[in-house]
Amino acid sequence: MPALAGRRVVLGVCGGIAAYKAVEVCRQLVDAGAHVVPVLTDDATRFIGEVTFSALASEPVRRSLWDDSDPIPHTTLGRGADLVLVAPATARLLSAYASGYSHDLLTNTLIATRAPVIVCPAMHTEMWEHPAVVDNLTLLRSRGVVVVEPESGRLAGGDVGPGRLADASSILAAVDDLFGTQQCDDLSGLRIVITAGGTREPIDPVRFLGNRSSGKQGHALAAAAVRRGATVTLITTAGGSRSVPTPPVDVLVEVDTAAEMLAAVRNHSPTVDVVVMAAAVADFTPVAPAGDKLKKRDGIPTIELQPTVDILAELGAQRIAGRTLVGFAAETNDVLASASAKLAEKGIDLIVVNDVSAPDVGFEHDTNEVRILGPDGEVDHVALRSKSAVADAVLDAVVAVRRPAGSS
Ligand code: CTP
């Protein structure tokens with residue numbers, strides 16, 4: 001299911017006997033390449049253990065508005081999501097969501113998100129057929145919420161009738177349909193190199209000079225390019241032990257240092273159509289990393305640095321006809337001026353800039369807000385949203401810049 005690759009799904013689980021079936025939904029979403037963040041209501045934990053979800057999902061279970069290191073989880077989770085899926089959804093959850101009554105982390109997330117929402121109701125037949133539930137679902141549908149209807153079958157307590165949670169494969173099919181309608185093959189036939197993550201420059205065998213790049217945006221770009229049909233080479237520092245999930249790319253090259261990234265880009269970029277340098281590459285590297293661990297007793301070390309090669313500027317200086325070059329810039333001040341200077345100095349086609357001093361933007365976050373500067377200096381503002389949605393906006397800009405002048 002390439003449509004799900006790299007998609008961030010908040011999986012809400014309510015307190016009903018069908019909560020145990022949500023485990024299988026979680027597993028199938030992860031198997032399909034989605035990044036799953038489970039949010040359990042307190043009542044859900046009466047039916048199923050947090051550990052079960054934490055073990056299978058991409059992140060530990062979230063439950064509370066209050067015991068989180070993130071001071072505003074109710075907006076952060078929803079903003080970073082590409083989809084909020086609630087399975088099972090109880091009559092109470094549907095009522096709260098329909099009326100905007102946000103009393104816990106899941107209902108807050110539902111009210112705060114702008115991502116699509118799928119609810120999968122499960123309850124006894126009498127409840128499912130009650131006019132209040134019917135009206136709530138009609139209202140939710142009218143607001144664009146997708147409802148995966150329950151099946152008819154055996155319910156808790158031995159009753160038989162409509163109300164049993166749809167099976168995991170039907171729920172996955174609804175998720176796939178939803179993302180499938182957003183999918184296009186507009187990068188089909190395009191070969192694209194994407195770099196991701198922050199490089200590490202060794203000081204000694206245990207220390208390095210690094211930066212705060214997580215690689216999430218670069219990996220989201222690679223996932224989006226795969227979904228849109230490109231042949232993708234991902235050169236990353238963020239896979240493996242740095243544990244950002246790796247999308248199903250055609251070629252994966254794992255590197256650590258700026259020199260390794262340079263060698264990999266030189267190796268993989270000459271014959272491609274697009275290079276996106278989303279990686280945060282060190283500008284300086286120690287001249288002579290120590291062979292053995294530096295010891296405190298030997299005093300404060302002086303570390304002599306030398307500049308690294310600016311990979312993007314090198315590509316820009318050796319322009320290859322038909323190859324589009326995209327840079328990233330993480331700035332804290334004079335954001336647009338710095339970015340447009342880099343666009344010109346590096347001789348590239350597009351630059352994606354973010355103000356990493358703003359809340360929830362850039363490094364390590366699941367959300368980003370960027371401006372995309374093109375050849376004529378025009379600015380496309382992509383408001384705060386999931387990194388996957390930002391990735392699609394960047395690829396839209398790539399498609400636009402490659403389009404021959406005059407065509408639409
Ligand atoms: N870049 C690169 N090679 C380097 C440094 C940066 O290819 N040695 C690329 C980055 O991948 C990014 C762009 O250049 O796409 C801008 O990186 P950034 O760190 O913002 O800019 P610098 O040119 O390094 O300038 P400064 O750090 O002074 O802002």
Side-chain angles (χ1 to χ4, degrees), residues 192-202 208-222 225 233-238 244 253 255-270 272 274-287 305-320 323-358 361-364 368-375 382 387 390-391 393-395 397-398 401:
I192 180 162
V193 164
I194 295 168
T195 67
T199 60
R200 290 178 171 182
E201 309 305 311
F208 58 84
L209 288 176
N211 60 66
R212 291 179 52 206
S213 170
S214 62
K216 288 179 179 176
Q217 184 63 75
H219 282 219
L221 272 159
T233 298
L234 174 62
I235 301 171
T236 181
T237 68
V244 177
V253 185
V255 297
D256 211 32
T257 63
E260 289 169 10
M261 185 156 284
L262 170 67
V265 173
R266 281 180 176 163
N267 189 19
H268 289 275
S269 65
V272 301
V274 182
V275 180
V276 182
M277 285 291 304
V281 186
D283 291 326
F284 308 101
T285 189
V287 172
L305 301 176
Q306 61 186 350
T308 58
V309 172
D310 188 321
I311 305 169
L312 195 52
E314 180 178 284
L315 297 176
Q318 310 159 350
R319 287 306 301 236
I320 295 176
R323 188 173 69 177
T324 305
L325 300 177
V326 183
F328 269 67
E331 306 289 349
T332 56
N333 55 315
D334 295 333
V335 172
L336 286 181
S338 304
S340 60
K342 283 177 190 174
L343 181 80
E345 283 160 13
K346 295 183 194 246
I348 58 179
D349 301 288
L350 292 170
I351 193 151
V352 183
V353 59
N354 55 12
D355 178 351
V356 288
S357 63
V361 173
F363 296 138
E364 295 166 21
N368 212 351
E369 175 181 2
V370 303
R371 288 180 161 75
I372 305 172
L373 277 64
V382 184
K387 286 190 168 172
V390 169
V394 171
L395 294 176
V398 169
V401 86

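Because only heavy atoms are used, hydrogens play no part in the values below, and waters and symmetry mates are left out as well, while side chains stay in. Both ligands and their constituent atoms are indexed starting at 1 by order of listing.
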Check ligand 1 for N or O atoms under 3.5 Å from a protein N or O and list each pair with its distance.
unit_1, atom_1, unit_2, atom_2, d
ligand 1, 3 (N), I311, N, 3.0
ligand 1, 7 (O), I311, N, 3.4
ligand 1, 7 (O), L312, N, 2.9
ligand 1, 8 (N), T308, OG1, 3.4
ligand 1, 8 (N), V309, O, 3.0
ligand 1, 11 (O), M277, O, 3.4
ligand 1, 11 (O), A279, O, 2.7
ligand 1, 14 (O), K346, NZ, 3.0
ligand 1, 15 (O), M277, O, 2.7
ligand 1, 15 (O), F328, N, 2.8
ligand 1, 15 (O), F328, O, 3.2
ligand 1, 20 (O), K342, NZ, 2.7
ligand 1, 21 (O), K342, NZ, 3.0
ligand 1, 23 (O), K346, NZ, 2.6
ligand 1, 24 (O), D283, OD1, 2.8
ligand 1, 24 (O), D283, OD2, 3.0
ligand 1, 27 (O), D283, OD2, 2.9
ligand 1, 29 (O), K342, NZ, 2.7

Taking only residues two or more places apart in sequence or in another chain, which ones pass side chain to side chain contact (heavy atoms under 4.5 Å, CB included) with I320?
R323

Within the distance-only criterion (no hydrogens, no angle test), does the side chain of D349 pair as donor or acceptor with the backbone N or O of V326 below 3.5 angstrom?
no

Any sub-3.5 Å donor-acceptor pair from N211's side-chain atoms to A280's backbone N or O?
yes

Of all pairs that satisfy side chain to side chain donor-acceptor pair (under 3.5 Å), the ones with a partner from residues 330-339, not counting sequence neighbours
E331-K342

If a pair satisfies side chain to side chain donor-acceptor pair (under 3.5 Å) and one of its residues is in residues 259-268, list it, with sequence neighbours excluded.
R266-E314

Taking the six-membered ring of F208, is NZ or CZ of R200 closer than 6.0 Å to its centre and within 45° of its axis?
yes

